[in-house]
Each structure stands twice: as C-alpha cells, then as structure tokens.
*Asks:* 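Take a look at the following structure, please.
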Amino acid sequence: MRDDRKLFVPSSPLEPGARYGILSDFEPGTRTLEAGFRIAPPFKPLTSDIVFEKDVPVTLRDGVTIYVDVFRPAGTEKVPVIVAWSPYGKGQGTSASLMGIFGMVGLNNGIVSGLEKFEGPDPAYWCARGYAICNPDVRGVANSEGDSVLWDRQEGLDCYDLVEWLGVRDWCTGKVAMSGTSYLAVSQWFTAAEQPPHLAAINPWEGVSDVYRDLVRRGGMPDTGFARQLQEGSFFGKGQKEDIVAEAERHPLMDGLWENKIPRFENITVPAYVVASYSNTLHTAGTFRAWRRMASEQKWLRVHNSQEWPDYYDEENREDLRGFFDHFLKGADNGWEQTPRVRYSVLDLEGGDRINVPATRFPPTGVTSTKYYLDGRSRTLATTVPTAEATAGYVVGANPDTVSFVTRFDRETLLVGYPKARLWVEADGCDDMDLFVLVQKLDAYGTPLQEFTVPNQGALIQDVTERGASILRYKGSDGRLRVSMRHLDPALSTDEVPAHSFDRVEKLAPGEVAEVEIDLLPVGLAFRAGQQLRLVVSGRSLLGTMMPGNREYVPANSGRHLVHTGGDHASYLQLPVKAA
C-alpha cells in the first residue's frame, strides 16, 4: 500500500551508538535465558526461564519481510502474546539513550530487565506470568525490509499480518494483545481498526490519534519540532523513511494524506483498557479523542496524575493491567468486569491529588458546562455577561505580550472534563492570528501553581521545564488556534469539544471581529475557597516545547491582538464544573 502523496528521505542504518543495545545485532536463533539471567548490571534479573527467539522473519502481505524477537515462557503450555509495535529498535532496551531517559525522569533502570522495547511491556514480568512478548522491527527499521511510514493505515495492515502470524504459532493460544505507551499506543488504534481476528484486547497508554491535529499542525500551526525529533531520532534502517516534516509543509490543509493518518475509530470494537493523563501536551487530546470515538462496548479509561513512563512501569498499575489481560486473554473469572469504566484523577497541585475516582463516564455525572464571561475592563471572569462592550489586548512582541482574566472561587470547586474558550478576536495590522490559550490555577495570593509529572524534580528538570518540556511539568490546560483555520467541522464538533475542519483558510479583513472556538486539554482540578483561576491569551506559546531539546515554534504574528468582551461580543471560557 503506497500513497503517492507521501514523501520519503533516505534512512540510515542502525549502528553502534546511543540507540544501539546489547541485543541490537542481527543474530537469528533460539536460546533459553535461565532464571537469574541479567543482561547487564543495572537491570533486573529474570525470575523464570524464558525462551528467546531472535530475529524471526515474518512475511507481510506485500512480500516485505520484517524481523521480530519473541520472548515466551519455557515449557510446552500454550500462552497468549502481547505485541509492542513501534519504529524503535527491538534491542534498544539496554541502549544509552533509553537508560538516559530513565535517569532524566528519575526512574531506576533496575525496575526493568532491559529486554523490553522502549515504552513497551517488560518480558521479565509478563513471561513469568504466562504471557509471551513480541518485539518487532517494523517495516523499514533495522534489518526489516521496505520503507518505513509514520502512523497511518499501512502500519495497521502490517501489524494485522503480524497478529495473525502470531495467533497460529504452535506455542500460542490464539489470543494476541497489544500494549505500550506513546508510539506503541498509537499503533494500536490503527491495528484494531483493521480488526485482525486473533486480536483479543488492546492497551493504548497515552498516544496521539490524529497526526495532523496532534503532531504536525496542532491548531492549524506548522509546529513540527517534535515531529522532526521523531523522524530524525528513530526509523533507522536500510531503505527510506517517511518525511513527515516535508509533508506538513507541502500539505498545510487537511487532505487525503492526513485523513489516512486518522484511525477509523468506528471499526475499533475490541476490548480496550485506555490510559490517559491531563498533563501530556503531546498525547492528552489524542488519547481522550480516541476514547470518545472508538466503538468498543468493553472499554475502560484510567486518567492518572503523573507521566506515562513512571505510570506504565509502576508495579501496582502493571498488576491492574494484568487483571484486564487475564480476563480477556486467559478467560479468568477475576472480577475485572466490575472495574469502574472510568477512573479519573483530580489534581490539587499542592500535594493533595486524588486518583482512581470511579465513574461511569467522562466527564463524570454531575458536571455542568458553565460559562465564565470575560470582562475587558476589570480583567475578570464572571458567570454573567458584562453589559458594556470592551477590548483588551497586547502588541505582538511587546512586554507584556499576553492578556489575562481572573476569577476567585468563594467555595470549594471541582473542574472535571473539557474546557473550551469562545472568543471574539481582532487582528489590528495583520490578516491572521496565532492564538495560544492557557487556564492556570492560582493560589489565594495569585501565585501560579504547577506540578512535576515525573519523580525527578532536581535542577536539570527545573531547567528544561522552565520554558519547555511541557510533558514533564504541568502548568495548566492549554489550547491553540490559527484564526484563519477557525472553521468548525460540524460532524466532529460538540458543545464540549469543538473540532476544526482545517480544510480551508479564511483570512481576516481589516477591522473584522471574528468568533473562534478553541478546545483546551481536558482537566481534573480542585480549587479551595479563595483560590483563583486565570485565563491567559497570547500570541506566543505559553508552555514552550513539548520535549526537551525541540525547536521552539515561532508564531507568524504581527500588529496588535484584541479580545472583545461583553454585549454582542460576549467572549467566554466554558468550564466543566462538578457538583459537590
């Protein structure tokens, strides 16, 4: 399946270096790793014997051969298998880059065996509990043939073929699942949408679900810093790799190329245990979108309060996931069906987070979408419309280059669900605007409250999150929109979550006041009496980059930005207020 709209650049071989692990060499064969085996001193030793089949060839439907590593329990009993699909080398678990990532976020490399794929399930844990793990080098990666692609239907078809190949191995029960975070989560949407018969369950643990809206053109803006890092820092192989950055430049509007990179959610019917957070500026919107739109009748959502890597490898969370897999892959009568369909967290940002709050849906029952109207004169937010019209704004590039509005809660208030901003805006001296919106929690004295999402809170993390690396420090719920891309998609939009079509450009005329809706990342926030909420509007990114080291996006702004409030231009922030 080759899309003529795709662009490719030469890849480069996976060679010894930062991303090369102990098992990265091409060495086909089978051996047994005995209990007590340790691949290297930092890592956890095995607690059970594991049969390790290395570099096994699998032929896909178009004749391309990929190579996979299989770890399975020793013995003759048939077992289900869990697939970790991504372009990261299947032997990367012991690489310097992965060890460095664990060190940066404050995780001990001793919590895993080093046999796992980056962001994937650890064979040491799962094999000891009666599961096999399959780590593939996908199309175009390492020694696998073909040209690699990034998140589209081709990956779903390829993984379909792998699932079906695994399902009929003589050691397999015929039950196949998928698990993993980030890229390994996204690939699950595409695979499940192809409905391979042997796929019994999926476990997407935070991942984008729309390459255009989440990765390369969020809010219609060409912010490709992380896409470039993803493209250049992975997909190492002998052929070509998709040039997603060039595609974003050549295809600025939603078209067939990008539509092929949106999973067909209506075809996802397999049991699913989805894990999300409020704080991952790369993954949050996509994970919640997929959760809302997938057709599975048996689906569960857990919204945690940290970052995906420490959450995924947490022992309690792995045991929780095992309950899900035991039920759907082994037929265990373990009470999993009584697990609340939704478990969400409420962030306090001062050390009092609540987690695993049970609910039947998200947002939970008892949530009311409440409009807080902006007042450009007093710079406040209130539940009544200001009678007098006013404007508030900023000059692009000046100091300050933001305009904000504040409300103080006179009683304990919980926000759980989807916020959005509906603003009346004007560009004085320009025909377009890149708008950035942030909802912050303030203490009673007006100080912004924030929370690190990883165990490491030392000087390095302080530095890298000061103006970026937003996945590592939560500063509030953000959204963004290029105003010329403001057209709403009526089929996808709801009152809670506006969705833009991104298929047209509507520039502003001089003096035009345009109405725009901006979706913000979902929230779970608790406010005590006296604490405050601040809405910030700016012409620059208020959180900086998603990841450490990304190139920062420079908005295409000039002139003066005005926000109109009150009267016929009643701009508001809509908040999901949960009844006490």
Side-chain angles (χ1 to χ4, degrees), residues 276-279 284-285 287-289 291-293 301-303 305 340-349 352-375 378 380-387 404-424 437-442 444 449 474 476-479 488 490 492-499 515-537 565-566 569-580:
S277 73
Y278 307 121
S279 52
T284 295
T287 311
F288 277 91
R289 180 191 302 113
W291 157 259
R292 291 192 305 271
R293 295 180 59 188
L301 173 69
R302 183 173 63 83
V303 187
N305 68 331
R341 288 302 181 104
V342 172
R343 289 170 286 170
Y344 66 91
S345 60
V346 178
L347 307 183
D348 178 79
L349 306 185
D353 293 355
R354 297 169 57 196
I355 62 172
N356 291 325
V357 181
T360 58
R361 59 184 296 273
F362 189 93
T365 56
V367 169
T368 302
S369 294
T370 305
K371 296 178 176 62
Y372 285 77
Y373 293 93
L374 285 59
D375 189 328
S378 63
T380 57
L381 297 163
T383 53
T384 55
V385 180
T387 55
S404 63
F405 306 83
V406 174
T407 188
R408 185 185 298 271
F409 295 104
D410 58 7
R411 59 184 176 181
E412 181 176 337
T413 302
L414 294 182
L415 305 180
V416 186
Y418 301 104
K420 74 172 184 180
R422 178 177 287 181
L423 306 176
W424 290 91
V437 179
L438 178 67
V439 170
Q440 289 180 309
K441 179 181 177 180
L442 313 178
L449 298 176
Y474 182 65
S477 169
D478 81 308
L488 292 173
L492 297 179
S493 294
T494 66
D495 179 64
E496 292 178 323
V497 187
E515 183 181 22
V516 298
E517 291 200 28
I518 304 176
D519 57 308
L520 285 86
L521 297 184
V523 296
L525 272 178
F527 292 81
R528 302 186 188 96
Q531 292 182 329
Q532 303 171 76
L533 179 146
R534 179 185 181 219
L535 170 68
V536 189
V537 182
T565 69
H569 296 115
S571 296
Y572 62 82
L573 172 66
Q574 184 167 293
L575 296 173
V577 179
K578 189 176 188 309

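Residue numbers run from 1 in the order of the sequence given. Because only heavy atoms are used, hydrogens play no part in the values below, and waters and symmetry mates are left out as well, while side chains stay in.
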*Asks:* Parallel, tilted or perpendicular: which fits the ring planes of F362 and Y344, with parallel below 30° and perpendicular above 60°?
*Replies:* perpendicular

*Asks:* Is there a donor-acceptor pair under 3.5 Å between the side chain of R302 and the backbone N or O of N356?
*Replies:*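 No; judged by distance alone, with no hydrogens or angles, the pair does not exist.
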
*Asks:* Are side-chain heavy atoms of V416 and P576 found at a separation under 4.5 Å?
*Replies:*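 Side chain of V416 against side chain of P576, heavy atoms only: no contact under 4.5 Å found.
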
*Asks:* Are the side chain of T370 and the backbone N or O of T368 linked by a donor-acceptor pair below 3.5 Å?
*Replies:* yes

*Asks:* Can you tell me how far the CG atom of L535 sits from the OG1 atom of T380, to the nearest 0.5 Å?
*Replies:* 11.5 Å

*Asks:* Please give me the minimum heavy-atom distance between L488 and P498, naming the atom from each residue.
*Replies:* CD2-CB, 3.8 Å

*Asks:* To the nearest 0.5 angstrom, please state how far the OH atom of Y474 sits from the CG atom of L349.
*Replies:* 7.0 Å

*Asks:* To the closest 0.5 Å, what do you measure between CG (L573) and CG (L423)?
*Replies:* 8.5 Å

*Asks:* Test of understanding: with salt bridge (Lys or Arg N to Asp or Glu O under 4.0 Å), list the residues that count as partners of R422, not counting sequence neighbours.
*Replies:*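 Here the qualifying residues are E515, E517.
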
*Asks:* Start with the C-alpha gap between Q531 and T413, add the side-chain angles, then the distance that decides, and say whether side chain to side chain contact (heavy atoms under 4.5 Å, CB included) holds.
*Replies:* CA-CA 9 Å; Q531 292 182 329; T413 302; over 6 Å; no

*Asks:* Could you check whether any side-chain N or O of S571 sits under 3.5 Å from a backbone N or O of W424, counting only pairs where one atom can act as donor and the other as acceptor?
*Replies:*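 Yes.
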
*Asks:* If I take atom CG from residue L381 and atom CD from residue Q532, how far apart are they, to the nearest 0.5 angstrom?
*Replies:* 11.0 Å

*Asks:* Quick one: does S477's side chain have a donor or acceptor within less than 3.5 Å of a partner on L521's backbone?
*Replies:* yes

*Asks:* More than 12 heavy atoms of other residues, nucleotides or ligands under 6.0 Å from CZ of R361: yes or no?
*Replies:*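 Buried by this count: over 12 neighbours within 6.0 Å.
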
*Asks:* With a 4.5 Å cut-off on side-chain heavy atoms, are V497 and R289 touching?
*Replies:*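 Contact flag for R289/V497 side chains = no.
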
*Asks:* Would Q574 and K371 count as a side chain to side chain contact (heavy atoms under 4.5 Å, CB included) here? Give the steps.
*Replies:* CA-CA 4 Å; Q574 184 167 293; K371 296 178 176 62; 3.7 Å; yes

*Asks:* Nearest heavy-atom pair of P419 and P522: which atoms, and what distance?
*Replies:* CD-CA, 3.9 Å

*Asks:* Side-chain contact test, heavy atoms from C-beta onward, threshold under 4.5 Å: evaluate it for V303 versus F288 and give yes or no.
*Replies:*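 Side-chain contact under 4.5 Å: yes.
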
*Asks:* Could you tell me which non-hydrogen atom of L520 sits nearest to which non-hydrogen atom of G479, and how far apart they are?
*Replies:*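 Heavy atoms only, the tightest pair is CG-N, 4.1 Å.
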
*Asks:* Taking all heavy atoms of T565 and all of L374, pick out the closest pair and write down the distance.
*Replies:*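 Heavy atoms of T565 and L374 come nearest at CB-O, 3.2 Å.
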
*Asks:* Flag the pair Y373 / T383 as yes when at least one side-chain heavy-atom distance between them is below 4.5 Å, and no otherwise.
*Replies:* no

*Asks:* What are the two closest heavy atoms between S369 and E496, and how far apart are they?
*Replies:*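 Nearest heavy atoms, S369 then E496: OG-CG, 4.1 Å.
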
*Asks:* Does K578 use its side chain to pair, donor to acceptor, with the backbone of G417 at less than 3.5 Å?
*Replies:*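 Not confirmed, K578 side chain does not pair with G417 backbone.
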
*Asks:* Where is the tightest heavy-atom contact between T360 and R341, given as atom of each residue plus distance?
*Replies:* O-CB, 4.1 Å

*Asks:* Are the side chain of S345 and the backbone of R354 linked by a donor-acceptor contact shorter than 3.5 Å?
*Replies:* no

*Asks:* Any side-chain heavy atom of V577 sitting closer than 4.5 Å to one from L415?
*Replies:*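 Yes; the side chains approach each other to less than 4.5 Å.
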
*Asks:* Is there a side-chain contact between L533 and L575 in this structure, where contact means two heavy atoms from C-beta onward sitting under 4.5 Å apart?
*Replies:* yes

*Asks:* Measuring only between side-chain heavy atoms, which start at C-beta, is S277 closer than 4.5 Å to T284?
*Replies:*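 A side-chain contact exists here, since the closest heavy-atom pair is under 4.5 Å.
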
*Asks:* Would you say the side-chain atoms of T407 pair up with the backbone N or O of A382, donor to acceptor, closer than 3.5 Å?
*Replies:*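 The answer is no, because no donor-acceptor pair under 3.5 Å joins these two groups.
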
*Asks:* Do the non-hydrogen side-chain atoms of Y418 and K420 ever get within less than 4.5 Å of each other?
*Replies:*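 Not in contact.
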
*Asks:* Do D353 side-chain atoms and D348 backbone N/O form a donor-acceptor pair below 3.5 Å?
*Replies:*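 Yes; judged by distance alone, with no hydrogens or angles, the pair exists.
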
*Asks:* Output the distance between atom CG (L414) and atom CG (L525), rounded to the nearest 0.5 Å.
*Replies:* 9.5 Å

